[in-house]
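Step one of this worksheet: look at the structure below.
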Protein chains: 2
Amino acid sequence: MDQSEDPSGGSRTLARPKAARRSAVDPQEPQRPDRRSAILLSAEALFAERGYAAVSVRDIATRAGVPIALVGYYFGRKQELFGTIFAHRQVYITERIARIEEVDCGPSNPNAVADLVRAWAEPVITLRGSEAGDVFSLLVARTAWDPGPEATAIIERFYDPLARAFVAAMGRALPDVAGDRIVWAYEYAVGALLMYVGDKRIERLTHGRAISADPALCADFIRFISAGFNTLRQGDPPA
Amino acid sequence: MDQSEDPSGGSRTLARPKAARRSAVDPQEPQRPDRRSAILLSAEALFAERGYAAVSVRDIATRAGVPIALVGYYFGRKQELFGTIFAHRQVYITERIARIEEVDCGPSNPNAVADLVRAWAEPVITLRGSEAGDVFSLLVARTAWDPGPEATAIIERFYDPLARAFVAAMGRALPDVAGDRIVWAYEYAVGALLMYVGDKRIERLTHGRAISADPALCADFIRFISAGFNTLRQGDPPA
DNA sequence: TCGCAATTTATACAGTCGTACATAATATTG
DNA sequence: CAATATTATGTACGACTGTATAAATTGCGA
């Protein structure tokens, strides 16, 4: 499908929302249903549920209650709509990077590892429960494990910076540990966090008693991951 | 295999491999190419690379070098072929369950947690490097995160027993810890292991220096997860 | 009111998909 | 040999896909 890099096609000018320009007279009136946002939210929810490839443009349009062609009018190709969703939520990512870089990773802080893990994970966990947060967290988990080229491009573009920021900070907190071992440990932590926010099996294994909003659960998670990173201090260096 | 749900359509009898019946005269001669196995291996590799939905029956047939209709002749629907792949590798799963149940989880064993984690993870990690092991491990990781109904049915059928065996054994090793907290920790461990065997980002983040065959890496992983489980001992009970 | 731009809509195109089916080729048995 | 079972194959069907395009409708400043 890709054909890709420069798929613009050139001829058609992509629609930009010139709407909502009756200006700031009465911002909270319903003001003619915002169908662009409806499409964006519909796509986000569907991609989060089923993954990129399993959602058709028709599904998105149907759920949003608009004709199919309107999706292309506002967002161009399916792939660009996918990217727009993440761009729309990018603040969630930059906030996490900012919190990571606020942590004191110097030798004076004995809790640097746990502080770092908390700064990295807590924004995601506390996001759960809010409506948009639940949907987007699930979308990220789905996308992180989606082997398709559209999904990997998104992860590389939006989440590699976060990964590098965390690994760099953890390298400062654990100055005697080889960088590659920290990267591997980061992978394990990501895998665990993705399960926390995205796995559906937990309800089956706990017979429906699972509640991911429990704050004690968040504390358990941070302890689990922090203890893992701390084991790197004593381990054998890689061969 | 159950073949199951009864989508059979009734009329057509599914092919069963009556071949290789020229008996035990000369088992290693090429004996007319085994196209059934070729299809099975082709499908396994493609599903592992791209996930269930992103692979077409035509892709499978082309890679195996057989006409499309032969896939249906041997395996019926795509969904049944998917299940047959896992049934074919089921010994990998039962071996892990057996190793878990061999571990002494009584109070006399101070290393019960680490022994359990090793019994659970080591068969997967050491499988990597063998050709079939690499492919199947990746397939499991893809399937575990595939939200489609075909994939979730497979995980429930083949991997829920492994999960319950591990959780039960860990409950014996940590008798004072609530069961649901162990289930959550198990989810984190699964997430980490899936990243170990299935993530492609590691090469990007380590600038291509990652080598998952390194035995020190296996030791790091088991230490990481064991330390996580051990934190459950001291944690606050859930609210 | 007209005129222009923004938005909306129906429809069509060229592909790919899973699956089925009739027939051909080959092997096995009598 | 003939008869029968197994394996192999080409082809076609209806459904669904992403995307494009021309035309209709609406909103708004002049």
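- Looking at B/Arg99 and B/Glu122, a side-chain N of the basic residue comes within less than 4.0 Å of a carboxylate O on the acidic one, giving a salt bridge.
- If you take CZ of B/Phe75 and P of D/dT7, they are 12 Å apart, rounded to a whole angstrom.
- Using a 4.0 Å cut-off between a side-chain N of Lys or Arg and a carboxylate O of Asp or Glu, B/Asp146 and B/Arg142 do not qualify as a salt bridge.
- If you take CD1 of A/Ile39 and P of C/dT7, they are 12 Å apart, rounded to a whole angstrom.
- Under the 6.0 Å cut-off for aromatic ring centres, B/Phe86 and B/Phe136 qualify, their centroids lying closer than that.
- There is a side-chain donor-acceptor pair under 3.5 Å between B/Asp59 and B/Ser56.
- Within the 4.0 Å cut-off from OP1 or OP2 of C/dT7, not a single side-chain nitrogen or oxygen of A/Arg35 is found.
- Annotation: A/Phe224 is not in aromatic contact with B/Trp184 [ring centroid separation under 6.0 Å not met].
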Sort me out a list of protein N/O and nucleotides 13-17 of chain C N/O pairs below 3.5 Å, or just none if empty.
residue, atom, partner, partner atom, Å
C/dC17, OP1, B/Ser56, OG, 3.4

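- Distance, B/Asp34 CG to C/dT26 C1': 16 Å, rounded to whole Å.
- Within residues 62-70 of chain A, the residues having any heavy atom closer than 4.0 Å to DNA chain D are, in order of number, A/Ala69.
- A ring-centre distance under 6.0 Å is not found for A/Phe82 and A/Phe75.
- Interatomic distance, A/Asp134 CG to A/Ser130 OG, rounded to the nearest 0.5 Å: 6.0 Å.
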Could you please spell out the steps behind the side-chain contact (heavy atoms from CB on, under 4.5 Å) verdict for A/Leu162 and A/Ile100?
CA-CA 9 Å; A/Leu162 174 65; A/Ile100 286 168; 3.6 Å; yes
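- Side-chain nitrogen and oxygen atoms of B/Tyr73 include none within less than 4.0 Å of the OP1 or OP2 phosphate oxygen of D/dA8.
- When the side-chain nitrogen and oxygen atoms of A/Arg77 are compared with OP1 and OP2 of D/dA20, one or more of them lie within a distance under 4.0 Å.
- Protein atom OH of B/Tyr52 is 8 Å distant from nucleotide atom P of C/dG18, rounded to whole Å.
- Close to D/dA8, at under 4.0 Å from its OP1 or OP2, lies no side-chain N or O of B/Arg36.
- With sequence neighbours excluded, no residue satisfies salt bridge (charged side-chain N to carboxylate O under 4.0 Å, His left out) with A/Glu187.
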